[in-house]
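First the structure, in the form of structure tokens, and then the observations on it.
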Amino acid sequence: MMDKIGDWQDIHIAYIVAKQGTLTAAAKVLNIHHSTVLRRVEQLEQQLNTRLFHRHARGYKITEAGGKLLRVGKEIDEALGKLQHSITAADTTLQGRLLLTTVSGAMEMLSPACLQFQQQHPSVQLEIILKQQKLRLDHGQAHVAIRAGEKPTDPDYVVQPLCSRRAGLYASDEYVARYGLPNSVAELPNHYFVGGVTGFNETVPYFSWVDKSIDSKQVCVRVSETAEATRAIYHGLGIGGMQHAIAKRTTNMQPILENELYWQLDFWLVTHVSVHRTAKVQALCQVFKHYFSAE
């Protein structure tokens, strides 16, 4: 094995391959061609004179030597994230990138506040990362998060209440024309529903209710994003949960048992202590809090 590795970026690429399990998945994460990933991995193996992965039909499995590389790659990845975070923490200007993460279903609610921020601070490039998975604020994956559900408890996070939203059951005119409206909870077994895929349901009260209260045979489609659930409901696939405010702005939508079945979802404005006082983060927090308190 060589004393020194020539290009640490090769370690990062191999680390992503180890995490993702396939070249294609790693290439997607890295935003490069899979042939480039293969070439860089093979280059690293030649340089180290050792095999890092077992190749098989289902993907890449790390060898014992690859396991050591995985640990080093993880340390490098975390160190770079913390470095980026510390650089951001020193930023006192209202310009440059600002990363906001939230779930896709929240964009309908957040868009007016984002527009206000854009108008007030045109030199800041707001980048919104829509993911159901929670990004690591301490690693600089995002600067601000809008989290839904229970209040986050990480001791290094600054958590502020943003707003609460009520949701209920809705169906499109097209669905109602085909199946009619249920007039009571007892009639729900005669209808079809839009649900959530496994792993996302506990964070969305309506999805959780479907799993507990509706026969799986009645769930016509399951999605991993609340925004896609709204589209499925709109196109008549089934009855589904929607925020009341969003449903009122959506044409051809009818409420279902609105006085009997409803949910409340709390949203939280979350930042990390190391960047909470920076100019861009404070500016975004102020605009968001002002918008939702006025609303």
Between R231 and E228, does any NZ, NE, NH1 or NH2 come within less than 4.0 Å of an OD or OE carboxylate oxygen?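 Salt bridge: yes.
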Looking at E174 and R178, does any basic side-chain N land under 4.0 Å from a carboxylate oxygen?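 Result for this pair is yes, salt bridge flagged.
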To the nearest 0.5 angstrom, please state how far the [atom1] atom of [X] sits from the [atom2] atom of [Y].
X    : Y    : atom1 : atom2 : answer
D10  : Q43  : CG    : CD    : 4.5 Å
L52  : I62  : CG    : CD1   : 9.5 Å
R39  : H33  : CZ    : NE2   : 11.5 Å
L99  : L126 : CG    : CG    : 8.5 Å
Y157 : K151 : OH    : NZ    : 14.5 Å
H143 : E127 : NE2   : CD    : 9.0 Å

Go through the side-chain N and O atoms of H244 and Y170 and say whether any donor and acceptor fall under 3.5 Å apart. yes
Please check if any side-chain donor atom of H191 sits under 3.5 Å from a side-chain acceptor atom of Y175, or the reverse.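 Present: a donor and an acceptor within the cut-off.
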[X] versus [Y]: any side-chain heavy-atom pair under 4.5 Å?
X    : Y    : answer
L110 : F288 : yes
R55  : Y60  : yes
L284 : K280 : no
T226 : F207 : yes
T50  : E64  : no
I239 : Y179 : no
I13  : L30  : yes
P189 : D215 : no

Check the surroundings of atom [atom1] in [X]: do more than 12 heavy atoms from other residues, nucleotides or ligands lie under 6.0 Å from it?
X    : atom1 : answer
E150 : CD    : no
Y192 : OH    : no
E187 : CD    : yes
Y262 : OH    : no

Test I233 against every option in L169, V194, V221, T250 by the side-chain contact (heavy atoms from CB on, under 4.5 Å) rule and name the one that passes. V194
